Every structure is written in C-alpha cells, then in structure tokens.
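Working notes for the structure below.
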Amino acid sequence: MNAAASWWAALLTAAIPALYELLLWRTQRARPGQVARTAHAQLREAWFHAVSAVPGTEILAVQTLRNSLMSATMIASTAAIGLMGAATLVAPSLQAVLATQGLFPHATARLVMELLLMTVLFASLVFSVMAVRYYNHAGFIVAMPVGSPQRLQWSPACVAYLRRAGLLYGWGLRHLILVAPMLGFIVHPLAGPVAAMLVVLALWGFDRLVPGR
C-alpha cells in the first residue's frame with residue numbers, strides 16, 4: 001500500500017470517531033435527555049439521595065462504590081499495561097526516525113498512528129485514575145451515618161464527586177475502546193477505517209438512551 005493511501009486511511013481512522021464524538025456532544029447539548037451519559041449522571045445523584053434517606057444503608061452504599069472503584073482500577077491497569085506495550089512497539093521506529101531526519105515531515109502514517117495509540121492509552125489511564133480518586137472520596141462520605149451533621153455537610157461534595165467519577169470512568173472506558181481502530185490500522189491500514197466504523201456503531205448502542213435501561 002502506497003504512502004498516500006496509508007495517510008488517507010489514517011485520517012479516516014482518526015476522523016470517524018472524532019466526528020461521532022462531535023455529533024454526540026451537539027446532541028447532548030441540544031437534547032440531553034436522549035443521551036445515556038446525562039441520564040446516568042442523574043441516576044448516580046438520585047442513588048445518593050436515596051441511600052442518604054434511609055438509615056442503615058451505609059454499608060450497602062460503600063460496597064456499591066467499591067464495585068465502581070474496582071472497575072475503574074481494572075481499566076486503569078489495562079490501560080497502563082497497554083501503554084507499556086505500545087511504548088515498546090513505538091520506541092524503535094521513533095528512535096530510527098529521530099536519528100536520521102527528524103520526526104516531521106518524514107514520519108510515516110504508521111508511526112503517527114502508533115503515537116496516537118499511546119496518547120489514547122495514556123488518556124484512558126489518567127481518566128480512570130482520576131475516577132478512582134473521586135470514587136474513593138465519595139466512599140468516605142457515604143460511609144458517614146445517615147442524618148449525621150458531617151454527612152449533611154459533605155452531601156453536596158459527594159454529589160459532585162459522583163458526577164465527576166462517573167464522567168471520568170466513562171471517558172476512561174471510552175478511550176480504551178477507541179484503541180481498536182488504531183490497532184486495526186497497525187495490522188493493515190485499510191482495517192483502521194473499518195474498525196472505526198464498527199466502534200462508532202458499538203458506541204452508539206451505549207450512548208443512546210433506551211427507556212428502562
């Protein structure tokens with residue numbers, strides 16, 4: 001496959017998910033009720049208010065947050081392992097290019113996609129670690145006795161922490177899924193756009209709000 005075709009395939013691989021995210025963002029601003037991300041944020045807030053109204057639910061609330069925390073930890077661990085593998089993959093090619101004529105304009109489409117792969121994995125790691133942080137803080141608050149002055153004082157902060165944790169968790173998982181088109185491109189350039197379309201279709205199934213979901 002010639003260089004020009006590889007660059008076009010790389011552009012499509014990156015542009016298809018980017019355009020989808022832009023359209024989703026516009027939909028979320030115009031019709032937030034149709035996007036699962038917004039509904040799930042409201043769900044977490046409603047959950048906190050529900051468990052805060054019933055004494056004796058502190059342990060259940062902590063266990064629920066612990067499950068979310070462990071899930072975010074697994075995503076962070078997966079992203080970290082993937083990032084180390086990507087660095088091992090990219091380092092020889094990057095060193096070879098830098099040692100000869102510099103990175104630009106002599107970089108290949110494959111090298112750029114490998115660097116983008118590292119960037120996406122790093123973003124997934126950061127988002128997931130930050131989600132762990134907020135879930136951890138929220139856990140201390142929901143463990144306080146229901147109706148105690150301390151819990152009432154920190155309740156607004158807990159709502160904010162849960163919203164941020166859920167958003168960051170979603171972005172961490174999302175970036176991990178977006179690795180697939182880049183890996184497809186590395187295997188074969190034409191596989192990148194195809195994988196990007198399949199990922200967008202899968203994300204649409206996750207992002208649209210289905211009644212009762």
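In this chain, residues are counted from 1 in sequence order. The model shown is predicted, which means the values in this text are computed figures rather than measured ones.
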Review point. Under the side chain to side chain contact (heavy atoms under 4.5 Å, CB included) criterion, do R163 and E45 qualify, and how do the steps go?
Key: CA-CA 7 Å; R163 281 184 170 271; E45 182 175 352; 2.8 Å; yes
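- Of all the heavy atoms in S6 and P189, the pair that sits closest is OG-CG, 4.0 Å.
- Note that the CH2 atom of W8 and the OG1 atom of T13 stand 12.5 Å from one another [nearest 0.5 Å].
- Between L117 and L121, the closest side-chain pair of non-hydrogen atoms falls below 4.5 Å.
- Side-chain atoms of V159 and L162, non-hydrogen and from C-beta on, never get closer than 4.5 Å to each other.
- The minimum heavy-atom distance between A123 and H175, with the atom names listed, is CB-CD2, 3.6 Å.
- Closest approach of L125 and A80 over heavy atoms only: CD1-CB, 4.1 Å.
- Residues L11 and V112 fall into different hydrophobic clusters, defined by Ile, Leu, Val, Met, Phe, Trp and Tyr side chains chained together at heavy-atom separations under 4.5 Å.
- In this structure, S77 contributes its side chain and T73 its backbone to a donor-acceptor pair below 3.5 Å.
- The nearest pair of heavy atoms linking P193 to L12 is CG-CB, 3.9 Å.
- A continuous path of Ile, Leu, Val, Met, Phe, Trp and Tyr side chains, each step under 4.5 Å between heavy atoms, connects F206 with L24, placing both in one hydrophobic cluster.
- The aromatic rings of F127 and W171 are tilted relative to each other, their planes meeting at an angle between 30° and 60°.
- Under the 4.5 Å side-chain criterion, counting only non-hydrogen atoms from C-beta, V54 is not in contact with V146.
- Between Y169 and S128, the side chains place no donor N or O within less than 3.5 Å of an acceptor N or O (distance only, hydrogens not considered).
- Residues M182 and V120 form a side-chain contact, since some pair of their non-hydrogen atoms from C-beta on lies under 4.5 Å apart.
- Summarising the hydrophobic clusters (Ile, Leu, Val, Met, Phe, Trp, Tyr; side-chain heavy atoms under 4.5 Å, direct or chained), the residues clustered with I59 are none.
- The side-chain heavy atoms of Y161 and Y135, taken from C-beta on, include no pair separated by under 4.5 Å.
- Put simply, CD1 on I16 and CE on M197 are 5.5 Å apart, with the number rounded to the nearest 0.5 Å.
- Taking 4.5 Å as the limit, every side-chain heavy atom of R174 sits out of range of all side-chain heavy atoms of I177.
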Point to revise | Chi angles and distances behind the side chain to side chain contact (heavy atoms under 4.5 Å, CB included) call for S52, R151 | key: CA-CA 9 Å; S52 296; R151 178 154 179 160; 2.9 Å; yes
Exercise for review: Would you please test L89 and I186 for side chain to side chain contact (heavy atoms under 4.5 Å, CB included) and show each step?
Suggested key: CA-CA 11 Å; L89 175 69; I186 292 172; 4.1 Å; yes
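- In the hydrophobic clustering of ILVMFWY residues, with side-chain heavy atoms under 4.5 Å counting as a link, L178 and V194 come out apart.
- Side-chain contact check for D207 versus T27: every heavy-atom pair is 4.5 Å or farther apart.
- With values rounded to the nearest 0.5 angstrom, T108 atom OG1 is found 5.0 Å from L111 atom CG.
- How far CZ of F185 is from CZ of R110: 8.5 Å, rounded to the nearest 0.5 Å.
- In terms of heavy-atom proximity, S148 sits nearest to P145 at OG-O, 2.8 Å.
- To the nearest 0.5 angstrom, M113 atom CE is 11.0 Å from T119 atom OG1.
- Counting heavy atoms from C-beta on, the side chains of Y20 and L23 never come closer than 4.5 Å.
- A 6.0 Å sphere centred on CH2 of W154 holds no more than 12 heavy atoms belonging to other residues, nucleotides or ligands.
- Here L203 contributes atom CG and E21 contributes atom CD; the two are 6.5 Å apart, rounded to the nearest 0.5 Å.
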Review point. Going through the checks in order, is the side chain to side chain contact (heavy atoms under 4.5 Å, CB included) test met by Q28 and R37?
Key: CA-CA 8 Å; Q28 186 175 359; R37 183 184 304 167; 3.3 Å; yes
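- Across all non-hydrogen atoms, the minimal contact from A5 to N2 is N-OD1, 2.7 Å.
- By the rule that hydrophobic residues join a cluster once side-chain heavy atoms approach within less than 4.5 Å of another member, V142 and F140 end up as members of separate clusters.
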